[in-house]
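Working notes for the structure below.
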Amino acid sequence: MADEDEGNEYRWESGYEKTWEAIKEDDDGLLESNIADLVSRAKRKRAALKATGAIQLGMMRHLFVVVDASACMFLQDLKPTRFLCVLKLLEVFVHEFFDLNPISQLGILTTKMKRSEQVTVLAGNQKKHIEALQQLKDLSCEGEPSLQNSLERAMNGLKNMPVHSSREILVLFGSLTTCDPGDIQKTIKSLKENNIRVSIIGLAAEVRICREIAKKTGGTYNVLIDDHHLKELILNQVQPPAVAGSMEASLVKMGFPGGTPSVNDGTSDTSADHAPAYCLCHIESDTSSLMGHNGYNCPQCGSRYCELPVECKQCGLTLVSAPHLARSYHHLFPIKPFIERAQVRETPHCFACAKSFSEADINVYECESCNQIVCLECDLFIRETLHTCPGCASDPITAQMKTN
Amino acid sequence: MKLNVDGLLVYFPYDYIYPEQFSYMLELKRALDAKGHCLLEMPSGTGKTTTLLSLIVAYMKAHPLDLTKLVYCSRTVPEIEKVMEELRKLMNYYEKEMGMEQNILGLALSSRKNLCIHPSVSKEREGKVVDGRCYSLTASFVRARHAADDAIPICEFYEGFDAHGKEFPLPPGVYNLDDLKEYGQMKGWCPYFLARYTITHANIVVYSYHYLLDPKIAEVVSKEITKTSVVVFDEAHNIDNVCIDSMSVKITKRLLDKCSNSIQLLETTISNMKENDSKRLEKEYKRLVEGLRDATIARETDMALVNPVLPSEVLEEAVPGTIRTAEHFVAFLKRVVEYVKTRLRVQHVVQESPAGFLRDIHTKVCIDRKPLRFTAERLASLIRTLEISDLTDFSPLVTVSHFATLVSTYTKGFTIIIEPFEDRAPTVSNPILYFSCLDSSIAIKPVFNRFQTVVITSGTLSPLDMYPKILDFHPVIMTSFTMTLARPCILPMIVSKGNDQVAMSSRYETREDTAVIRNYGNLLVEIAAAVPDGIVCFFTSYLYLETIVSSWYDQGIIDQLQRHKLLFIETQDAAETSLALINYIKACDNGRGAVLLSVARGKVSEGIDFDHHLGRAVLMFGIPYVYTQSRILRARLEYLRDQFQIRENDFLTFDAMRHAAQCLGRCMRGKTDYGIMVLADKRFSRADKRSKLPKWIQEHLKDTNCNLSTEECVQTCKRWLRQMAQPFSREDQLGISLLTLEQLQSEEMQKKIQQRAQGI
């Protein structure tokens with residue numbers, strides 16, 4: 001187990017550990033190091049799978065996050081409790097989600113006492129979600145969760161979304177049991193009919209029904225090992241998934257509201273755009289109803305919003321700005337996967353992070369186009385975060401070609 | 001793929017092979033080469049059946065003179081069907097590879113009940129009734145009567161078989177029960193008699209244990225099987241009990257009352273016949289003077305009643321004069337029944353040897369040993385002569401006749417116990433006479449003597465050295481294989497104390513202790529909170545299960561448990577239990593999760609698999625010792641001690657541990673499966689118990705997991721479950737626990753396999 005990097009907690013706070021077992025020699029291929037190996041291999045496999053271009057990605061996503069709030073979420077195997085840990089990671093997730101999927105929408109549900117409750121409705125405003133998540137921290141966790149109820153509720157919210165969007169549910173499930181009012185198989189069937197993809201992250205152990213739901217609806221099911229792994233699993237969900245077969249490609253009508261008055265290039269701006277007006281994001285909350293000059297006006301109906309991206313409340317038009325679309329762009333043209341090679345003497349260090357290879361790095365990774373060698377960590381980092389090969393980017397010729 | 005097993009070309013019908021399967025083949029081949037018996041233990045879910053079949057079929061093809069037949073004995077009909085499916089796969093593979101039809105005939109045999117296609121008889125539910133009705137349609141005298149009078153019903157399917165079936169043997173192929181029925185329907189032949197007839201020339205026969213071990217049936221069915229056969233007993237961990245049961249008789253008061261009725265029936269029939277057809281009785285008398293043997297030649301359908309003793313013990317003599325005439329014999333039977341009745345009128349428990357019984361019967365009612373020995377044969381002959389076609393009413397009398405024959409034939413290895421009441425209800429008079437076989441080697445001895453190779457195999461045979469002792473044979477090979485695994489997918493743990501450090505044990509002295517019961521309850525609750533889906537718990541007895549559940553109820557543990565999972569309990573009622581099982585599976589499938597409380601040695605512990613999510617954890621509360629106060633058991637223990645030098649405690653521990661292993665093995669049915677095994681008793685950690693677990697469990701039972709408290713156990717579970725939930729695919733297994741042909745042939749792997757084969 002990776003104990004070393006858990007510097008932020010005291011040893012006695014963590015679970016029961018048998019440290020003498022961790023250092024045991026692994027000669028029969030049966031101990032934990034083997035499992036760590038399995039995990040890292042699976043990681044790369046996932047990354048490689050994503051990178052095999054030419055698949056259609058659902059960039060416009062509608063996602064419901066279901067958070068388990070049953071009694072078992074008070075357990076302390078994740079610090080400080082499972083619930084708080086999950087909420088904190090979700091904040092990161094929401095942020096990253098809108099960063100990478102600017103034209104998508106998200107909603108949050110909780111489930112406890114055999115019921116499901118809506119925390120936020122589907123919306124594209126990340127601030128609102130993060131606020132809601134912070135308020136959730138005071139929620140008491142009790143009773144049993146109900147998978148069926150929360151899936152049904154999420155499904156009702158997703159059913160009416162346009163066909164070209166990718167409909168998804170992400171469940172963070174801590175409990176090992178679900179208390180349902182009816183036959184969950186029927187729910188799974190209608191989820192499938194509605195093309196809703198359910199991904200589940202288990203916090204304790206493999207529950208068969210979760211695996212079945214994920215498998216039947218085309219989602220993923222993973223169980224964490226520790227909190228680092230959990231973060232990774234949650235952030236994996238940020239990447240838009242490949243489109244499930246039947247979704248048709250279609251043109252989507254979008255609005256690009258004009259810029260702010262300070263940048264007065266005067267193309268589409270009229271004076272009405274900058275007249276003082278209530279923005280529609282805050283019009284409902286009477287405390288902070290700001291009347292201002294700044295904001296984005298819907299090009300179709302003229303409603304004012306102080307933030308983008310957003311779906312116009314008046315006319316339903318998706319309002320985005322050009323950089324948002326550009327940020328989604330790299331999903332469509334991922335870099336090619338690096339080739340796994342055995343470590344060789346000639347390149348003693350990683351091109352990206354300049355770390356010299358040690359005995360532990362059995363495999364290194366080579367970029368196809370620039371032939372630079374990087375380590376496993378850099379390989380994953382490039383693939384998941386950077387989306388551009390440092391070797392190719394630093395080479396002026398290839399970099400030129402790419403921009404052209 | 002095609003394998004080279006020690007110079008033998010083996011066709012294996014799969015693309016991948018487990019390393020232990022290859023080792024198994026090596027050992028099996030050695031046993032076949034040596035023409036000796038062997039004892040092989042390999043965990044369930046590692047493909048024992050297909051391994052056995054592919055090696056033996058390959059051996060038969062390579063050495064057609066040395067090995068002519070495979071007799072595969074399994075326990076239940078579904079298991080027989082599974083074997084047939086594997087065989088079919090193998091044969092299809094042979095055909096594909098060699099490009100031609102194979103000249104191998106394999107078939108399954110079961111009782112009439114499972115094979116009958118007669119439109120009305122096959123509707124009967126009970127096996128005995130089907131047998132009886134079949135007899136009434138196919139017995140030779142019925143058929144003779146039919147020839148004279150068309151109104152007497154006979155079975156047209158049997159007639160069809162009798163007319164043509166013997167001339168046209170079954171074409172080569174694999175026939176399971178349904179195939180046989182279909183073939184029978186098509187040809188209009190009786191599938192049961194067709195199968196029985198075909199046994200003699202089939203290459204592979206799959207049937208139940210009893211066809212070989214129970215002398216009553218073996219005599220009829222398996223007589224013709226050649227010596228150059230290999231006999232396989234699969235799931236043979238209880239084979240000694242099967243042997244004993246097949247030779248034991250239990251007589252109750254009610255049974256004797258029914259006997260009197262049937263004797264009366266016999267009397268009236270005899271007097272009727274005397275008036276109408278006295279010739280027939282005379283004929284029988286003459287025949288008996290000459291001896292019984294030749295009388296029944298070529299009358300297969302008449303063999304409904306047979307001698308319960310082993311073929312070698314049957315006397316090749318004429319029936320003694322005292323019971324030759326029908327009236328004398330009936331009077332004789334009456335005396336025997338009355339005598340047994342008086343013996344049942346006891347106030348205290350009586351235990352005596354067969355010799356003592358014989359002396360007593362001689363002094364009290366003047367019955368000699370010799371006529372007693374012929375009781376069974378004589379009764380069969382009489383019933384045949386009287387042309388009684390409905391046999392179902394006579395089964396009590398038949399039981400008594402078996403008893404009489406057995407008690408006078410065997411003086412060693414048997415005991416007679418007469419109990420006036422059950423131990424649980426000492427006030428209710430319910431006298432029972434047990435004629436109990438103590439020596440399991442008696443029934444199986446002819447099998448060992450007759451066939452060149454007998455393979456005894458199961459997932460749990462440990463400790464291996466006990467079986468040769470109690471079955472009294474000398475195996476040439478005795479090996480236990482472990483499971484090679486790419487990840488540690490079983491987690492055996494011995495939990496010896498609760499969180500309050502009170503030791504947990506099902507010992508008789510601490511059984512009623514509330515602290516122990518509470519600790520058991522807490523263990524279950526905490527495990528239920530940490531383990532997903534299904535959990536199966538085993539208790540040592542129904543009685544113990546009941547007391548524990550009622551005190552858990554008082555302590556509020558049941559309520560706590562139901563917060564996590566639903567609760568199901570096995571009872572002695574079979575219908576109730578199967579209902580509980582169905583709902584248990586439903587609860588696991590729906591994600592609600594469930595706990596099943598059941599009993600070691602019960603229906604659930606034998607033969608029901610809890611694979612994958614149905615059994616993520618098995619808890620064994622206490623050591624499942626057999627009920628040691630039972631007199632039959634004590635007599636057996638004494639016998640084992642005197643005859644085989646097996647100490648009582650050794651045998652009890654052996655018996656308890658094999659049942660514990662059997663229970664634990666329920667949750668592990670393959671390499672992709674995973675499961676927790678919790679042994680909740682302090683005594684499990686002692687070396688004498690631990691070392692008796694199967695090797696594949698012992699291998700994963702680390703020293704650090706041998707003396708855990710509840711809390712430690714739950715923590716270990718949690719971490720392990722998370723590891724096991726990580727994605728695991730076939731690629732991860734390849735090369736370690738799953739081999740392609742190239743990998744198998746690599747030198748390194750060959751070396752490892754050789755080591756494993758010799759390591760024991």
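Quick caveat: nothing in here was measured; it's all calculated off a predicted structure. Quick note on labels: first sequence line is chain A, next is B, and so on, each numbered from 1.
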Legend entry - Between B:Ala530, B:Ala529, B:Pro532, the one whose heavy-atom pairs under 4.5 Å with chain A are most numerous: B:Pro532

Legend entry - chain A interface, residue from B:His613, B:Arg616, B:Lys718 that has the most non-hydrogen pairs under 4.5 Å: B:His613

Legend entry - Residue pair B:Asn707 / B:Ser496, side-chain donor-acceptor N/O under 3.5 Å: yes

Inset, instruction - Tell me yes or no: between the side chains of A:Thr187 and A:Glu152, is some donor less than 3.5 Å from an acceptor? - result: yes

Legend entry - Greatest number of heavy atom pairs closer than 4.5 Å to chain B - which of A:Asp180, A:Thr178, A:Leu203, A:Ile184: A:Thr178

Inset, instruction - Would you kindly say whether A:Glu193 and A:Ser190 are connected by a side-chain donor-acceptor distance under 3.5 Å? - result: no

Inset, instruction - Measure centre to centre between the rings of B:Phe22 and B:Phe481, then say whether the value is under 6.0 Å. - result: no

